[in-house]
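As C-alpha cells, the structure follows; a few thoughts come after it.
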Amino acid sequence: MIIKQPLNMTLDEYQKIALSTAIYPESMAIIYPALGLAGETGEVAEKIKKTIRDNKGVFDDTRKTEIAKELGDVMWYAANLAADLGISLDEIAAINVEKIKSRQNRSSIHGNGDNR
C-alpha cells in the first residue's frame, strides 16, 4: 500500500479542509452530502466484493489503496454532512467513543439498535 506521511491534524482541521473544497448548492445542504456518503459507502463495499470475486479475497496493496481512497471519499462526505448539521467531527468522534465505551462497560457491544 502506498503509505503517505500522516498529516498530523485533528478531525476538525480535516473538516475545515473538506469544507473548503465542497461545491454543492446551499439549498442541498444535508441532502447532497448524505447521498454522496451513501454512494461512497457503496463503492467501498463494491471494492471489497470485487476483491472477493476477482482476487480470491486477497487484499493486496493495490486493493487496499483503492479501498483507502474510497474511505477518504466517505470521510469527505461525512465531514461535510456533519458541518451542514452544525456538528464538528471532533464532537462526533467524542459522542461515538462515549457510546461504544458505554456499551463495552455494560457488555452491550453485541446486539442491535443505537440505544442498547
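Only this structure's heavy atoms are used, side chains among them; waters, hydrogens and symmetry mates stay out. Given the structure is predicted, the values throughout are model-derived calculations rather than measurements.
- When the side chains of ILVMFWY residues are joined at heavy-atom separations under 4.5 Å, either directly or via intervening members, L11 and L7 end up in a single hydrophobic cluster.
- Remark: side-chain polar atoms of D84 are not paired, donor with acceptor, to backbone N or O of A29 under 3.5 angstrom.
- Side-chain heavy atoms closer than 4.5 Å link hydrophobic residues (I, L, V, M, F, W, Y) into clusters, and following such links, possibly through other members, connects M9 to W76.
- Put simply, OG1 on T41 and CG on L71 are 8.5 Å apart, with the number rounded to the nearest 0.5 Å.
- Cluster membership for V74 and I17, using ILVMFWY side-chain heavy atoms within less than 4.5 angstrom, is shared.
- Looking only at distances, a side-chain donor or acceptor of Q15 sits under 3.5 Å from a matching main-chain atom of I87.
- Checking side-chain atoms of R63 against main-chain N and O of F59 turns up no donor-acceptor pair under 3.5 Å.
- We find the OG1-NZ distance between T62 and K64 to be 11.0 Å, quoted to the nearest 0.5 Å.
- Side-chain contact between E46 and K49 is present, with at least one heavy-atom pair separated by less than 4.5 Å.
- Atom CD of residue E98 and atom CG of residue N105 lie 11.0 Å apart, to the nearest 0.5 angstrom.
- Using a 4.5 Å heavy-atom cutoff, the side chains of D73 and E70 are in contact.
- For the atom pair K50 NZ and N55 CG, the distance stands at 13.0 Å (nearest 0.5 Å).
- When the side chains of ILVMFWY residues are joined at heavy-atom separations under 4.5 Å, either directly or via intervening members, V97 and L89 end up in two distinct hydrophobic clusters.
- For the pair I30 and L81, the minimum side-chain heavy-atom distance is below 4.5 Å.
- Relative orientation of the Y32 and Y77 rings is tilted, given thresholds of 30° and 60° on the angle between their planes.
- A heavy-atom distance below 4.5 Å is not found between the side chains of E66 and T51.
- Between the side chain of N96 and the main chain of I92, no donor-acceptor pair closer than 3.5 Å is present.
- M75 and L85 fall within the same hydrophobic cluster, where Ile, Leu, Val, Met, Phe, Trp and Tyr residues are linked whenever their side-chain heavy atoms come under 4.5 Å apart, directly or through other members.
- Counting heavy atoms from C-beta outward, L35 and Y24 have side chains that stay 4.5 Å or more apart.
- The structure places CG of D90 at 8.5 Å from CD of E13, a figure rounded to the nearest 0.5 Å.
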